[in-house]
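I have placed the structure first, in the form of structure tokens, so that the comments after it can refer back to it.
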Amino acid sequence: MDHHLIERWLRRRVRAERVSNLALAAAAALGSVALFFFVWMAIFVPVALLSIGLGVHPYIGVTAVMLASIASYLWVRRPVAIPMLEVTRFEDTGEYSVTAPRGEHWMRLRSRNQSDPASLGSLIHDFIFVSPLLADSALAALAFRRRFAMVDVKLCARAIAVLHADIHRVSFDEVERRLPGVDMVSLLKQLWLLDAVQIITAAPQGMALTEGARQALADDEDAALIASVG
């Protein structure tokens, strides 16, 4: 398959991922702001009445409650690192240790580890802190978008061309042999971001192109052929 066709196809996919993550971040940020004002308005009347009863200006009481809520969230917050493939190359043997993260999708509305997500305490936590949780989600989406911005499209396209030429699993050593001088640790971390490539961490380790990616590339090749004939 033409390398330039693979590169154009991959560039479109990476661009689409960056746009979708930006849209997700914007939606989460807007939702966070909207919910913040909604909660502020919901608690304004009862807190204002309580403040008046205590001889405090209503706005001072409401503002104090909101600031206390934000401070409480920062106190109980348990940041969840965005998952990333861990790759170690042993210089003495030339072998790789590859560990793929497990668990939930990187975008989580809850920003803390939970032993019982359906518990009453968890539900109360998410209701009280829904606005800052969405703000955390927006930041996570932006962080993931930055990772896609670091993808070397030309290099990854070369690797995908190697995988496309073989319908079976291709070992890391074979990819390194066919792409001389490549930094395999960096390449593996970039390819892991792409849903077109399956990183196989169980022995025998290697990687393969997904069936969906093969079909998408075949469709692009057919479209390019039709366009050239037409």
Side-chain angles (χ1 to χ4, degrees), residues 1-28 80-89 95-108 137-224:
M1 174 172 284
D2 181 22
H3 172 74
H4 295 292
L5 187 148
I6 296 177
E7 185 177 327
R8 290 194 298 271
W9 170 80
L10 182 58
R11 195 176 300 278
R12 289 197 304 271
R13 288 180 73 105
V14 170
R15 187 184 301 117
E17 287 288 348
R18 294 188 65 196
V19 170
S20 64
N21 278 284
L22 182 60
L24 186 57
V80 176
I82 295 178
M84 192 64 190
L85 191 74
E86 296 181 4
V87 184
T88 304
R89 187 178 191 275
E95 296 180 350
Y96 293 90
S97 171
V98 182
T99 305
R102 297 179 179 180
E104 300 180 42
H105 190 267
W106 65 271
M107 177 56 71
R108 298 173 59 182
S137 296
L139 294 175
L142 290 176
F144 211 70
R145 181 177 182 272
R146 285 194 296 271
R147 289 193 176 180
F148 271 100
M150 294 186 292
V151 171
D152 187 335
V153 174
K154 291 185 177 181
L155 175 60
C156 290
R158 290 172 58 199
I160 289 176
V162 171
L163 301 180
H164 186 270
D166 196 326
I167 62 173
H168 303 293
R169 176 193 61 85
V170 181
S171 68
F172 299 148
D173 291 338
E174 177 65 14
V175 174
E176 190 172 21
R177 185 184 67 79
R178 297 178 64 178
L179 300 176
V182 68
D183 182 351
M184 280 296 294
V185 173
S186 175
L187 176 61
L188 286 172
K189 289 183 177 180
Q190 293 180 55
L191 290 175
W192 181 78
L193 292 171
L194 309 175
D195 58 6
V197 178
Q198 179 185 9
I199 305 294
I200 304 168
T201 59
Q205 294 182 332
M207 49 184 143
L209 202 62
T210 64
E211 288 302 319
R214 289 184 185 278
Q215 184 59 52
L217 284 169
D219 292 342
D220 268 27
E221 189 175 32
D222 291 343

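Start at 1 with the first residue, then count along the sequence.
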- Note on the structure: CG of Asp152 to CG of Leu191, rounded to nearest 0.5 Å, is 10.5 Å
- Item | Closest heavy-atom pair and its distance - Leu85, Lys189 | O-CE, 3.6 Å
- Query: From Asn21 CG over to Arg146 CZ, what is the distance, rounded to the nearest 0.5 angstrom?
  - Reply: 11.0 Å
- Item | Contact list for residues 191-200, test side-chain hydrogen bond (donor to acceptor under 3.5 Å, both in side chains), sequence neighbours left out | Arg13-Asp195
- Message: When you measure from the side chain of Arg214 to the backbone of His164, do you find a donor-acceptor pair of N or O atoms at a distance under 3.5 Å?
- Response: yes
- Message: Less than 4.5 Å apart, side chain to side chain, heavy atoms only: is that true for Ile6 and Asp220?
- Response: no
- Task: Show your working on side chain to side chain contact (heavy atoms under 4.5 Å, CB included) between Leu142 and Leu22 and close with a plain yes or no.
- Result: CA-CA 6 Å; Leu142 290 176; Leu22 182 60; 4.1 Å; yes
- Note on the structure: So CG of Asp183 and CZ of Arg89: to nearest 0.5 Å the spacing works out to 9.5 Å
- Message: Holding to side chain to side chain donor-acceptor pair (under 3.5 Å), I want the full list of residues that pass it with Glu174, two or more places apart in sequence or in another chain.
- Response: Arg177
- Message: Between Leu217 and Leu5, does the side chain to side chain contact (heavy atoms under 4.5 Å, CB included) criterion hold? Intermediate values first, please.
- Response: CA-CA 8 Å; Leu217 284 169; Leu5 187 148; 4.3 Å; yes
- Item | Separation between CZ of Arg169 and CG of Leu209, rounded to the nearest 0.5 Å | 15.0 Å
- Message: How long is the straight-line distance from CG of Leu10 back to CD1 of Ile160, given to the nearest 0.5 Å?
- Response: 4.5 Å
- Short side-chain to backbone donor-acceptor contact, Ser171 and Gly206, under 3.5 Å: no
- Item | Heavy-atom closest contact (Phe172 atom, Ile200 atom, distance) | CZ-O, 4.1 Å
- Query: Which residue pairs pass the salt bridge (charged side-chain N to carboxylate O under 4.0 Å, His left out) test when at least one of the two sits in residues 196-210, sequence neighbours left out?
  - Reply: none
- In chain order, what residues pass the side chain to side chain donor-acceptor pair (under 3.5 Å) check against Arg158, with sequence neighbours excluded? none
- Item | Taking every non-hydrogen atom, the tightest pair across Arg18 and Phe148 | CG-CB, 3.7 Å
- Task: Kindly give the heavy-atom pair with the smallest separation between Gln205 and Thr201, and that separation in Å.
- Result: NE2-O, 2.8 Å
- Not counting sequence neighbours, which residues clear side chain to side chain donor-acceptor pair (under 3.5 Å) with Ser186? List them please. Gln190
- Contacts of Glu17 meeting side chain to side chain donor-acceptor pair (under 3.5 Å) (sequence neighbours excluded), chain-then-number -> none
- Minimum side-chain heavy-atom gap Arg11-Val14 below 4.5 Å: no
- Arg145 side, atom CZ; Met150 side, atom CE - distance, nearest 0.5 Å: 12.0 Å
